[in-house]
Amino acid sequence: MVAKDKKLLGSPPDHFKQLLSNLSTLQSSDRFTDVIFQCSGGQVKAHKAMLIPLSPLLESLFEVSSSKQASDVTVISLADVDVGPVMRMILYIYEGKLNNSNFEERCLIQKVVDLLQINVDLVVVETPEPTTPSKTKETKKK
């Protein structure tokens with residue numbers, strides 16, 4: 001018998017939504033995390049199992065780390081990278097969404113994604129330049 005507080009995994013897509021929710025809860029509560037990104041302004045914790053399938057670079061780094069150090073936790077120093085974009089990237093990996101992010105924030109997140117060679121479809125769409133009324137009138141007159 002399943003305890004009342006346990007959530008059962010259902011059929012797809014409910015299964016995947018529940019699984020992502022469970023993983024996100026683990027990450028946000030720092031439970032069983034085994035990698036720390038030490039950034040400018042703070043640190044971000046995550047699970048290697050979530051990152052390895054997305055980044056050959058991190059997979060190689062984790063393999064070297066496990067063979068060279070006794071600790072179960074790998075610390076990756078990103079001293080020149082602000083903690084905000086790293087946290088947003090990790091949240092995107094765990095939750096699959098970027099809430100309330102503007103173009104500039106998405107560009108900063110994309111730089112982190114590129115730096116760590118993470119294969120995610122983080123779409124950064126360029127915003128068109130706003131047209132001014134004077135330019136519009138000039139174009140119409142010609």
Side-chain angles (χ1 to χ4, degrees), residues 1-140:
M1 178 165 270
V2 177
K4 288 183 181 180
D5 61 336
K6 297 286 183 184
K7 294 184 180 177
L8 294 175
L9 295 177
S11 60
D14 293 336
H15 170 79
F16 296 113
K17 286 173 73 175
Q18 188 60 50
L19 183 62
L20 283 176
S21 175
N22 292 344
L23 290 170
S24 181
T25 300
L26 284 175
Q27 190 276 330
S28 64
S29 66
D30 293 338
R31 295 196 61 208
F32 309 110
T33 56
D34 53 4
V35 60
I36 299 172
F37 293 97
Q38 189 63 49
C39 308
S40 173
Q43 57 182 220
V44 180
K45 297 180 180 180
H47 300 92
K48 292 175 188 174
M50 290 293 289
L51 300 170
I52 288 171
L54 301 174
S55 172
L57 173 72
L58 290 177
E59 180 180 14
S60 296
L61 186 112
F62 296 151
E63 285 177 7
V64 170
S65 174
S66 68
S67 70
K68 302 290 183 192
Q69 67 182 27
S71 174
D72 289 338
V73 177
T74 301
V75 179
I76 299 174
S77 178
L78 300 173
D80 296 334
V81 178
D82 186 59
V83 70
V86 177
M87 175 58 79
R88 299 288 302 262
M89 176 199 68
I90 293 297
L91 288 175
Y92 180 77
I93 290 170
Y94 279 83
E95 298 177 3
K97 57 187 172 187
L98 287 174
N99 291 333
N100 303 320
S101 65
N102 60 36
F103 177 73
E104 184 179 327
E105 289 171 331
R106 285 180 183 247
C107 287
L108 291 173
I109 297 165
Q110 186 64 53
K111 286 181 182 180
V112 175
V113 165
D114 294 343
L115 175 69
L116 298 175
Q117 298 176 17
I118 295 177
N119 300 315
V120 294
D121 291 327
L122 181 67
V123 179
V124 178
V125 180
E126 291 198 37
T127 54
E129 288 185 36
T131 56
T132 58
S134 60
K135 285 183 180 178
T136 308
K137 287 179 184 175
E138 289 174 18
T139 306
K140 287 181 181 178

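When reading the values below, keep in mind they use all heavy atoms of this one structure, side chains included, and skip hydrogens, waters and symmetry mates. The first residue of the sequence shown is numbered 1, and numbering continues consecutively from there. Everything numeric here is computed off the predicted structure, so don't read it as measured data.
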Query raised in the report: Would you say the side-chain atoms of S28 pair up with the backbone N or O of S24, donor to acceptor, closer than 3.5 Å?
Result: yes
Query - side chain to side chain contact (heavy atoms under 4.5 Å, CB included) involving S55 - partner list, sequence neighbours excluded - result: L57, L58, Q117, I118
Query raised in the report: Which pairs, with at least one residue in residues 31-43 and sequence neighbours excluded, count as a salt bridge (Lys or Arg N to Asp or Glu O under 4.0 Å)?
Result: none
Requested in this report: Only pairs at least two apart or in different chains count here, so list each salt bridge (Lys or Arg N to Asp or Glu O under 4.0 Å) that has a residue in residues 73-88.
Outcome: R88-E105
Report task. Could you check L116, T74, V112 and say which one makes a side chain to side chain contact (heavy atoms under 4.5 Å, CB included) with F37? Result -> L116
**Report entry** Any residue meeting side chain to side chain contact (heavy atoms under 4.5 Å, CB included) with L115, in chain and number order, not counting sequence neighbours
**Finding:** L78, V81
Report summary line: Between the CG atom in L91 and the CD1 atom in I109, the distance rounded to the nearest 0.5 Å is 9.0 Å
Report summary line: Heavy atoms of A49 and P53 approach each other most closely as O-CD, 3.2 Å
Query raised in the report: Tell me, which pairs form a ring-ring contact (aromatic ring centres under 6.0 Å, His included) where one or both residues lie in residues 66-90, sequence neighbours left out?
Result: none
Query - Exercise: identify the closest heavy-atom pair between S40 and A79 - result: CB-O, 3.3 Å
Query raised in the report: Which distance, rounded to the nearest 0.5 Å, do you find between the CZ of R106 and the CG of L108?
Result: 12.5 Å
Query raised in the report: Considering the options K48, K45, H47, M50, which one meets the side chain to side chain contact (heavy atoms under 4.5 Å, CB included) requirement together with V35?
Result: K48
**Report entry** Separation of L51 CG from Y94 OH (nearest 0.5 Å)
**Finding:** 6.0 Å
Report task. Enumerate the residue pairs fulfilling salt bridge (Lys or Arg N to Asp or Glu O under 4.0 Å) with a member in residues 56-75, sequence neighbours excluded, ordered by first and then second residue. Result -> none
Query raised in the report: Which distance, rounded to the nearest 0.5 Å, do you find between the OG of S60 and the CD1 of I52?
Result: 10.0 Å
